[in-house]
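Numbers here are sequence positions counted from 1.
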Amino acid sequence: MNVYKSIEDLQAFVAAERAQGHRIAFVPTMGALHAGHLSLVKRALSECDRCIVSVFVNPTQFNDPLDLETYPRTLEADSELLASVGASALFAPEVSTIYPEEDKRTFDVGAVAEVMEGRFRPGHFNGVMQVVSRLFDIVRPDCAYFGEKDFQQISVIRAMVRLIGSPVEIIACPIVREADGLALSSRNVRLTPEGRAAAPAIYRILSESRSWARELTPAELIERVTREINAVPTLRVEYFEIVDTDNLQPIASWSDSPAPHGCITVYCGEVRLIDNIAYH
């Protein structure tokens with residue numbers, strides 16, 4: 001597997017692959033890779049000829065300096081994992097390579113970026129769109145693969161692609177979970193033993209809530225899920241929303257959407273975890 005730090009070297013690799021008629025897949029990550037990321041690479045390689053993975057902790061999408069500082073960075077281990085699943089190239093640029101000058105671009109993709117994470121993490125999605133659009137411009141892939149754990153992010157990126165007229169096809173891949181149901185996340189390594197024991201309750205309660213939905217309104221379901229999770233020591237719900245899958249706007253009645261989806265963010269001690277579940 002080739003490892004590139006510079007844009008020029010990476011683009012020379014891409015050009016050589018394209019000259020052979022190869023279809024290029026791209027998996028953008030912030031590193032601290034786990035089986036969820038590797039599932040994206042495997043899927044990409046099953047559908048395309050080559051898969052490029054980026055590892056870049058993007059400063060513009062963090063609205064909490066401590067979160068940026070403590071985000072795990074494990075480039076050597078990441079490189080070994082990617083090589084083990086056959087990734088074609090790793091792009092691991094410095095911040096100055098991605099942002100030679102301050103990125104002042106703003107992306108107006110409408111309400112899809114204003115609810116949930118957009119409300120609780122102001123500026124987060126604009127930072128995501130800055131880095132993803134920059135990486136797309138550098139790599140110029142045919143397809144890009146994202147995990148559905150970041151359910152809202154996928155909708156935002158699809159909206160951004162439409163806004164800027166990018167030809168990249170966005171492909172969403174299923175959440176990968178631990179045996180006890182906890183969604184894989186790079187942040188899981190920061191969980192205390194007590195937190196790690198408590199965290200699977202998030203998905204357990206979400207799963208149980210599918211049966212509750214037959215009897216409760218969306219508002220009542222939100223209240224019950226929030227109450228049940230908050231009753232678990234170390235867990236505290238920041239928000240739980242039931243939204244339409246397509247536009248991510250909250251629904252008042254199950255009949256308001258053909259595809260309702262529940263999106264949740266929970267603090268497990270100091271670690272912020274996200275998850276989601278379909279109600280259709």
Report the C-alpha separation of Ser186 and His37 in whole Å, then their side-chain angles, then the decisive distance to 0.1 Å, and conclude whether the side chain to side chain contact (heavy atoms under 4.5 Å, CB included) test is met. CA-CA 10 Å; Ser186 299; His37 296 109; 3.5 Å; yes
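- When side chains are defined from C-beta on, Trp212 counts as touching Ile205, because their heavy atoms get closer than 4.5 Å.
- Minimum heavy-atom separation, Ile170 to Arg158: O-NH2, 3.3 Å.
- Within 6.0 Å of CD on Glu76 lie no more than 12 heavy atoms contributed by other residues, nucleotides or ligands.
- More than 12 heavy atoms of other residues, nucleotides or ligands sit less than 6.0 Å from atom CD of Glu220.
- Under the 4.5 Å side-chain contact rule for hydrophobic residues, Val41 and Leu81 share a cluster.
- With no hydrogens or angles considered, a side-chain donor-acceptor pair links Ser209 and Tyr279 at under 3.5 Å.
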Determine, stepwise, if the pair Met30 / Arg73 fulfils side chain to side chain contact (heavy atoms under 4.5 Å, CB included). CA-CA 8 Å; Met30 292 205 301; Arg73 291 163 171 83; over 6 Å; no
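- Between the side chains of Gln130 and Thr60, at least one donor-acceptor pair of N or O atoms lies under 3.5 Å.
- Asn126 places a side-chain N or O within donor-acceptor distance of the main-chain N or O of Phe107, the cut-off being under 3.5 Å.
- The nearest pair of heavy atoms linking Ser133 to Arg105 is OG-NH1, 3.0 Å.
- Side chain of Asn188 to backbone of Ala183: a donor-acceptor contact under 3.5 angstrom is found.
- A salt bridge links Glu223 to Arg227: one of the charged nitrogens lies within less than 4.0 Å of a carboxylate oxygen.
- At least one side-chain heavy atom of Val243 sits under 4.5 Å from a side-chain heavy atom of Met116.
- Distance check: Glu148 CD to Ile154 CD1 gives 5.5 Å after rounding to the nearest 0.5 Å.
- In terms of hydrophobic clustering, with Ile, Leu, Val, Met, Phe, Trp and Tyr side chains grouped at heavy-atom distances under 4.5 Å, Met1 and Phe13 are assigned to different clusters.
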Derivation of the side chain to side chain contact (heavy atoms under 4.5 Å, CB included) call for Phe151 and Ile274: CA-CA 9 Å; Phe151 189 79; Ile274 63 173; over 6 Å; no
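- A donor-acceptor pair is defined here as one N or O able to donate and one able to accept, closer than 3.5 Å; such a pair exists between the side chain of Gln152 and the backbone of Val115.
- Looking at Ile24 and Arg18, their side chains come closer than 4.5 Å, going by heavy atoms from C-beta outward.
- Under a hydrophobic clustering in which Ile, Leu, Val, Met, Phe, Trp and Tyr are joined whenever their side-chain heavy atoms come within less than 4.5 Å, directly or via other members, Val3 and Leu10 fall into different clusters.
- Of the possible donor and acceptor atoms, none in the side chain of Glu178 sits under 3.5 Å from a partner among the backbone N and O of Leu184.
- At least one side-chain heavy atom of Val156 sits less than 4.5 Å from a side-chain heavy atom of Met129.
- For the atom pair CD of Glu17 and CD1 of Ile52, the computed distance is 8.0 Å after rounding to the nearest 0.5 Å.
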Show your working on side chain to side chain contact (heavy atoms under 4.5 Å, CB included) between Val225 and Leu206 and close with a plain yes or no. CA-CA 7 Å; Val225 167; Leu206 285 180; 4.2 Å; yes
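- A side-chain donor from one of Tyr99 and Asn58 sits under 3.5 Å from a side-chain acceptor of the other.
- Considering every non-hydrogen atom in both Cys268 and Leu191, the closest pair reads SG-CD2, 3.7 Å.
- Both Val95 and Val128 belong to a common hydrophobic cluster when Ile, Leu, Val, Met, Phe, Trp and Tyr are linked at side-chain heavy-atom distances under 4.5 angstrom.
- Residues Val14 and Tyr4 form no side-chain contact, since every pair of their non-hydrogen atoms from C-beta on lies 4.5 Å or further apart.
- In this structure, the side chain of His261 does not engage the main chain of Asp244 through any donor-acceptor pair within 3.5 Å.
- Atom CZ in Arg140 sits 12.5 Å away from atom CG in Leu135 (nearest 0.5 Å).
- Rounded to the nearest 0.5 angstrom, Arg272 CZ and Thr265 OG1 are separated by 4.5 Å.
- Taking every heavy atom of both residues into account, Pro93 and Phe56 meet most closely at O-CD1, 3.6 Å.
- Taking CD1 of Ile222 as the start and CD of Glu241 as the end, the distance is 6.0 Å to the nearest 0.5 Å.
- Rounded to the nearest 0.5 angstrom, Ile229 CD1 and Ile264 CD1 are separated by 3.5 Å.
- No side-chain heavy atom of Glu169 sits under 4.5 Å from any side-chain heavy atom of Asp142.
- For the pair Arg177 and Tyr203, the cation-pi criterion (under 6.0 Å, within 45° of the ring axis) is fulfilled.
- Note on ring orientation: taking the six-membered ring where Trp is involved, the planes of Phe146 and Phe136 are perpendicular (angle over 60°, cut-offs 30° and 60°).
- Considering every non-hydrogen atom in both Phe125 and Ala113, the closest pair reads CD1-O, 3.7 Å.
- Between His34 and Val189, every side-chain heavy-atom pair lies at or beyond the 4.5 Å cut-off.
- In the model, Tyr239 has a side-chain atom that pairs as donor or acceptor with a side-chain atom of Glu117 under 3.5 Å.
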Working note: Glu208 + Arg204, criterion salt bridge (charged side-chain N to carboxylate O under 4.0 Å, His left out); need CA distance, chi angles, decisive distance, verdict. CA-CA 6 Å; Glu208 290 174 3; Arg204 175 177 56 78; 3.4 Å; yes
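- The shortest side-chain heavy-atom distance between Ile164 and Met160 falls under the 4.5 Å cut-off.
- Under the 4.5 Å side-chain contact rule for hydrophobic residues, Ile242 and Val112 do not share a cluster.
- Closest of all the heavy-atom pairs between Asp78 and Gly31 is OD2-CA, 3.3 Å.
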